[in-house]
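Please read all numbers here as calculations on a predicted model, not as lab measurements.
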Amino acid sequence: MSETEISDSTESGSGGDFAAVSLALFIASIIIIVCVSTRRLADSRQESAVTAVSQTQRCCRNRSRRISLLSYILFLAIAIHQTRKEIQLTQGPPMGSLLPWSLKNSLYCLVPFIWTPSNLPSYHAIHATWGKRCDILKFFVDPIIGSKEIRLFNMTVASDALAARDSNFSLPSDVVVLHDMQRPWHTCEHGNCRNIWEKVWRSWLWVVTNGENDLAEWFVKVDADTFLFPENMKHYVEEKGWSPDDHHYFGHKLRHTDRTGLAPIIAGAAVFFSRATVEILAHIFRDFKVDISNRDHRKCMDAHVGNGEELVTAMCLKKFNISADHALDTMGDELVSIGQIQEALLWNRTNHNGMSWYWIRKPKTHPKTGREMHLCCSDRPIAFHGYKDPQWLYKIENELYKMDDELPGVSDDWKRLNWINPEQTNSYFDRVRKTMKLRGEQTEI
């Protein structure tokens, strides 16, 4: 099957041609009714003139009723389709958005997550900071929630789901349970129980299977320890002139995996896809056969992958000649930092500081300006990564957007955090605020 055929086959959930198909069915029905009625009328001519007139009148009445009924059904079908589209165009993220939402360049933020008490501060921090600027925000979790210290609940078991609710451990509406997960996170037979690859591919399959590929034009798999700038992603694709109906796969491109038979990858901090690419991935994932014993992450298949799902994703897309695009600004600076911003600002080619792999195969100078490339970071960043302590998300939010001091459930711990290089970091944030027109000025999109 060609790439075009696969792309077409995955469009079935979009409903874009629903009205046209309904109209075609309606016209076909009218033709059939007219033919049947004409045949009946011809047969009736063999009877008496009175009977013929009576038959003709009844035939016309019946035909009129059928046409009216089919017209009503067609009207209902189109109305339902239009209502569905209007709902999609007006629905925003569960916790609200700072930006007026429309389908154009809308962003679906998918966060792989483990629902335990120790991780809930990250969930709340994301909602209070960058998550409210996503158009759609959802967290995808294993069926096992809770903790070993308190209690574990298997959400695929009805009694456990009820017990979780009774224990005030029920899941919010923006949390999706991946009931088919085969590798539980709470057992550690192989030393690493994240099983991130199975969670990622099942999450994208869930999105398309449930028709949520219709809810946005762009999609991102984003780590819970990332600070994301959805509005800057929109600015980037708008500036590029990209269409969500074309295949795009972009973010921070790493070339250290670019070996024979493998492919460059997009770092897992924030992996962006066009809608067409997500649909291609779902088509691939539908055919996956779960193999619990498989640990080979160099091929496009299900595997036990604790870290390194980025390479499997790249290998799957390579099958359809979809390659990683490096998200850089016009000066050649990084839009996505795979490290904490205060640290990444210090990275350079002469002082590797343990990051020599980071510079492998990255072009040194800009082909047009001759300026050094791949420095951190652009004044219109798309993501910073590596904030295991969610208090840092509040600190970055306050630096750029201003935190709400009255936000319930948020402690002041973030106020005691300090940058390791305050002069450089504060200077950088000044440039970001100016470029993005933040702190009291309207944000550019």
Side-chain angles (χ1 to χ4, degrees), residues 10 13 88 91-95 97 101 103 105-115 119 122-123 125-127 129-143 171-181 185 194-234 237 244 248-252 265-286 288 305 309-310 312-314 316-317 327 336 382-383 385 393:
T10 57
Q88 292 172 5
Q91 92 169 35
M95 299 294 286
S97 174
W101 191 82
L103 188 60
N105 286 335
S106 50
L107 181 63
Y108 189 117
C109 299
L110 183 156
V111 186
F113 208 71
I114 295 178
W115 197 262
N119 287 342
S122 293
Y123 170 83
I126 290 170
H127 267 297
T129 59
W130 61 261
K132 59 190 177 184
R133 289 180 286 275
C134 292
D135 297 295
I136 305 293
L137 172 65
K138 290 200 173 178
F139 298 77
F140 286 74
V141 304
D142 310 70
L171 298 174
S173 60
D174 61 355
V175 175
V176 176
V177 178
L178 299 170
H179 291 284
D180 295 331
M181 285 279 295
W185 63 268
R194 290 183 65 216
N195 301 315
I196 186 64
W197 172 234
E198 185 185 1
K199 183 177 291 185
V200 166
W201 72 256
R202 287 194 185 278
S203 295
W204 288 128
L205 183 57
W206 186 96
V207 167
V208 175
T209 301
N210 287 273
E212 298 206 349
N213 51 311
D214 287 339
L215 302 184
E217 294 190 332
W218 301 93
F219 297 78
V220 59
K221 190 284 293 184
V222 55
D223 287 347
D225 60 343
T226 293
F227 191 99
L228 191 69
F229 296 83
E231 65 271 46
N232 287 346
M233 189 287 309
K234 298 180 182 185
V237 297
H248 296 288
Y249 160 53
F250 63 99
H252 190 116
I265 66 174
I266 296 298
V271 187
F272 294 91
F273 306 93
S274 62
R275 180 174 53 211
T277 304
V278 165
E279 290 168 351
I280 279 286
L281 285 172
H283 178 88
I284 297 170
F285 300 155
R286 283 194 186 98
F288 271 13
V305 180
E309 86 282 0
E310 302 99 326
V312 196
T313 299
C316 287
L317 292 175
V336 176
I382 291 180
H385 180 243
L393 302 186

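Taking the side chain as every heavy atom from C-beta outward, Leu178 and Lys199 approach each other to under 4.5 Å. Counting heavy atoms from C-beta outward, Val237 and Phe250 have side chains that approach closer than 4.5 Å. Within the 4.5 Å cutoff, side-chain heavy atoms of Ile126 are placed close to those of Leu393. Here the side chains of Ile265 and Thr313 are not in contact, with every heavy-atom distance at 4.5 Å or above. Taking the side chain as every heavy atom from C-beta outward, Leu110 and Val207 approach each other to under 4.5 Å.
Atoms OG and CG, from Ser106 and Leu215 in turn, are 8.5 Å apart once rounded to the nearest 0.5 Å. Taken from CD in Glu231 to CG in Asn105, the straight-line distance is 13.0 Å, to the nearest 0.5 Å. If you take CZ on Phe273 and CD1 on Ile266, they are separated by 8.5 Å, rounding to the nearest 0.5 Å. With rounding to the nearest 0.5 angstrom, the CG atom of Asn213 is 7.5 Å from the CZ atom of Arg275. Taken to the nearest 0.5 Å, the CH2 atom of Trp204 stands 7.5 Å off from the OH atom of Tyr108.
Thr277 meets the side chain to side chain donor-acceptor pair (under 3.5 Å) test with Ser274; sequence neighbours excluded. Glu217 is linked by a side chain to side chain donor-acceptor pair (under 3.5 Å) to nothing, counting only residues two or more places apart in sequence or in another chain. Remark: Glu198 pairs with Met181, Gln182, Arg183, Trp201, Arg202, Asp302 by the side chain to side chain contact (heavy atoms under 4.5 Å, CB included) rule, at least two apart or across chains.
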- What do the steps show when you test Tyr123 against Asp174 for side-chain contact (heavy atoms from CB on, under 4.5 Å), and what is the final call? CA-CA 11 Å; Tyr123 170 83; Asp174 61 355; 2.8 Å; yes
- Message: Apply side-chain contact (heavy atoms from CB on, under 4.5 Å) to residues Asn195 and Val305 and explain how you reach the verdict.
- Response: CA-CA 5 Å; Asn195 301 315; Val305 180; over 6 Å; no
- Start with the C-alpha distance between Val220 and Met233, add both sets of side-chain angles, then the distance that settles side-chain contact (heavy atoms from CB on, under 4.5 Å), and finish with yes or no. CA-CA 10 Å; Val220 59; Met233 189 287 309; over 6 Å; no
- Message: Before you tell me yes or no, could you show the steps for Lys138 and Glu212 under salt bridge (Lys or Arg N to Asp or Glu O under 4.0 Å), namely the whole-Å CA-CA distance, both residues' side-chain angles and the distance that decides it to 0.1 Å?
- Response: CA-CA 11 Å; Lys138 290 200 173 178; Glu212 298 206 349; 2.6 Å; yes
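Using bins of under 30°, 30° to 60° and over 60° for the plane-to-plane angle, the ring pair Phe285/Phe288 lands in the tilted bin. Using cut-offs of 30° and 60° on the angle between ring planes, the pair His248 and Trp218 is tilted.
Side chain of Lys221 to backbone of Cys109: no donor-acceptor contact under 3.5 angstrom is found. Judged by distance alone, the side chain of Thr209 and the main-chain N or O of Trp206 form no donor-acceptor pair under 3.5 Å. Side-chain atoms of His252 come within 3.5 Å of backbone N or O of Val336 as a donor-acceptor pair. No donor-acceptor distance shorter than 3.5 angstrom exists from the side chain of Asn119 to the backbone of Trp115, with no hydrogens or angles considered. Put simply, the side chain of Thr226 never gets that close to the backbone of Val222: no donor and acceptor are under 3.5 Å apart.
Checked against the 6.0 Å centroid criterion, the rings of His127 and Phe139 qualify as a close aromatic pair.
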